[in-house]
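Notes for the one structure printed next.
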Amino acid sequence: MTPILTIDGPVSSGKGTVARRVAIRLGWHLLDSGALYRVLGYHARNQGVALDDEPALIALAQDLPVRFVEQQGNTAVILAGEDVSNIIRQESVGELASQVAVLQPVRDALLARQRVFAESPGLVADGRDMGTVVFTSAPLKIYLTASAEERARRRFEQLKEKGFGATLATLVEDIRTRDDRDMNREVAPLRPADDAVVIDSTTLTVDEVVNRILDEAAARQ
Ligand code: C5P
């Protein structure tokens with residue numbers, strides 16, 4: 001069976017960066033499941049589909065024309081031939097993603113697309129429900145978290161790097177709203193799996209988190 005390592009956690013807990021580095025160190029595939037929800041929210045907006053039009057959203061999710069292309073250590077997200085890797089990182093798209101993500105049939109439609117990533121020699125999957133729903137039998141499940149203030153600060157730096165404007169105060173607010181929705185939704189709410197290793201990265205560097213996860217992985221081999 002393909003070994004799978006899941007990394008779940010709230011907005012800007014560092015999952016994306018950590019998951020990529022862990023995948024590179026292990027030589028495994030990487031699934032950024034949030035990108036799927038972001039692409040769907042973005043696509044819905046562009047197609048003029050209202051976020052409460054469930055049948056239309058389900059249809060979009062079932063036929064989402066998205067591809068993930070590995071390019072020089074990064075993953076390009078291609079939607080209907082257009083490279084949307086950067087644009088889907090905007091806060092407004094994260095908000096759309098979190099709104100479409102509350103719908104069970106939408107999540108069901110995206111399930112198979114996520115599971116195909118589980119290929120030899122292994123998979124690192126990051127998201128909100130990787131350990132609790134999508135890959136429940138993964139031998140190592142990480143729940144990565146950090147204080148809302150620290151996450152807002154990291155997000156601020158990331159957005160600045162990408163050329164998107166934001167203020168820290170708004171980001172703390174956005175993060176709290178999105179966390180609240182992700183943690184309190186009825187379907188696949190964000191929570192640590194019962195068998196997850198919880199890592200609070202508030203005072204840790206990326207390298208420290210990566211090494212801690214690799215140690216946990218080595219201990220299970
Ligand atoms: O991780 P990221 O911020 O890119 O995810 C965007 C949104 O997509 C999250 O706020 C969450 O609502 C949703 N999501 C989800 N399940 C996942 C990954 C993301 O519901 N596995």
Side-chain angles (χ1 to χ4, degrees), residues 4-20 23 30-45 51 57-58 60-61 64 66 68 74-77 79 84-118 123-136 138 141-146 148 151-152 154-159 162 164 166 171-193 196 201:
I4 299 175
L5 191 166
T6 62
I7 306 182
D8 288 307
V11 183
S12 293
S13 50
K15 301 180 308 293
T17 310
V18 165
R20 175 163 296 282
L30 176 67
L31 165 64
D32 165 12
S33 60
L36 269 179
Y37 289 92
R38 284 174 180 268
V39 165
L40 179 60
Y42 176 76
H43 195 43
R45 186 174 68 187
L51 296 183
L57 284 174
I58 297 167
L60 275 194
L64 201 60
V66 68
F68 294 92
N74 270 315
T75 310
V77 185
L79 173 66
V84 296
S85 320
N86 261 334
I87 198 129
I88 59 163
R89 296 295 151 199
Q90 293 179 67
E91 275 309 294
S92 60
V93 180
E95 178 59 26
L96 292 172
S98 130
Q99 290 185 45
V100 297
V102 300
L103 302 171
Q104 178 76 66
V106 163
R107 305 193 70 84
D108 291 344
L110 296 180
L111 206 56
R113 278 172 184 273
Q114 298 172 70
R115 290 193 172 141
V116 294
F117 279 80
L123 174 69
V124 178
D126 95 69
R128 301 290 186 291
D129 61 344
M130 297 296 97
T132 51
V133 176
V134 183
F135 300 111
T136 46
K141 300 175 182 174
I142 303 290
Y143 186 85
L144 190 59
T145 187
R151 290 186 286 127
R154 293 176 189 171
R155 189 88 189 110
F156 180 74
E157 296 301 328
Q158 262 179 4
L159 289 173
K162 290 191 164 35
F164 299 127
L171 282 176
V172 174
E173 198 52 38
D174 287 353
I175 281 179
R176 291 222 162 97
T177 307
R178 197 135 66 88
D179 280 354
D180 189 56
R181 189 182 300 117
D182 290 348
M183 289 173 178
N184 295 307
R185 68 188 176 204
E186 275 173 29
V187 290
L190 170 64
R191 63 169 180 81
S201 73

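Order of listing sets the numbers, starting from 1, for every ligand and every atom in it. Quick caveat, the model's predicted, so the values are computed rather than measured.
For the pair E157 (side chain) and R154 (backbone), a donor-acceptor distance under 3.5 Å is absent. Of the possible donor and acceptor atoms, one in the side chain of R151 sits under 3.5 Å from a partner among the backbone N and O of A146. At distances below 3.5 Å, not a single donor-acceptor pair connects side-chain atoms of D126 with backbone N or O atoms of I7. D8 contributes a side-chain N or O that, together with a main-chain N or O of G131, makes up a donor-acceptor pair within less than 3.5 Å. Judged purely by atom type and a 3.5 angstrom limit, K15 has no side-chain atom pairing as donor or acceptor with the backbone of R128.
Residue K15 approaches ligand 1 through these ligand atoms, each under 4.0 Å from one of its heavy atoms: 1 (O). Taking every non-hydrogen atom of S98 and a distance limit under 4.0 Å, the qualifying atoms of ligand 1 come out as 10 (O), 12 (O). Proximity to D182 (heavy-atom distance under 4.0 Å) selects the following atoms of ligand 1: 9 (C), 10 (O), 11 (C), 12 (O). Here is the list of ligand 1 atoms found below 4.0 Å of a heavy atom in A97: 6 (C), 7 (C), 8 (O). Ligand 1 places these atoms under 4.0 Å from at least one heavy atom of M130: 21 (N). In the vicinity of D129, heavy-atom distances shorter than 4.0 Å reach the ligand 1 atoms 16 (N), 17 (C), 21 (N).
For atom 18 (C) of ligand 1, the nearest non-hydrogen atom of the protein is S33 OG, 3.4 Å. Ranking the protein heavy atoms by distance from atom 1 (O) of ligand 1 puts R128 NH1, 2.8 Å first. Nearest protein heavy-atom contact of atom 6 (C) of ligand 1 is R178 NH1, 3.5 Å. Atom 8 (O) of ligand 1 has Y37 CB, 3.5 Å as its closest protein atom, hydrogens excluded (heavy atom only).
Within the 4.0 Å heavy-atom criterion, the part of R185 lying near ligand 1 is the side chain and not the backbone.
Counting only residues at least two apart or on different chains, the salt bridge (Lys or Arg N to Asp or Glu O under 4.0 Å) pairs with a member in residues 107-118 are R107-D129.
With distances taken over non-hydrogen atoms, the option nearest atom 19 (C) of ligand 1 out of A101, G34, S13, G16 is G34. Within the set R107, Q99, R38, E91, the minimum heavy-atom distance to atom 15 (C) of ligand 1 is found for R107.
R185 and S98 are not linked by any side-chain donor-acceptor pair at a separation below 3.5 angstrom, with hydrogens and angles left out of the test.
By the 4.0 Å N-to-carboxylate-O rule, R181 lies close enough to E95 to be salt-bridged with it.
Closest heavy-atom contact between V77 and A35: CG2-CB, 4.5 Å.
Taking 4.0 Å as the cut-off, V11 does not count as a neighbour of ligand 1 on heavy-atom distance.
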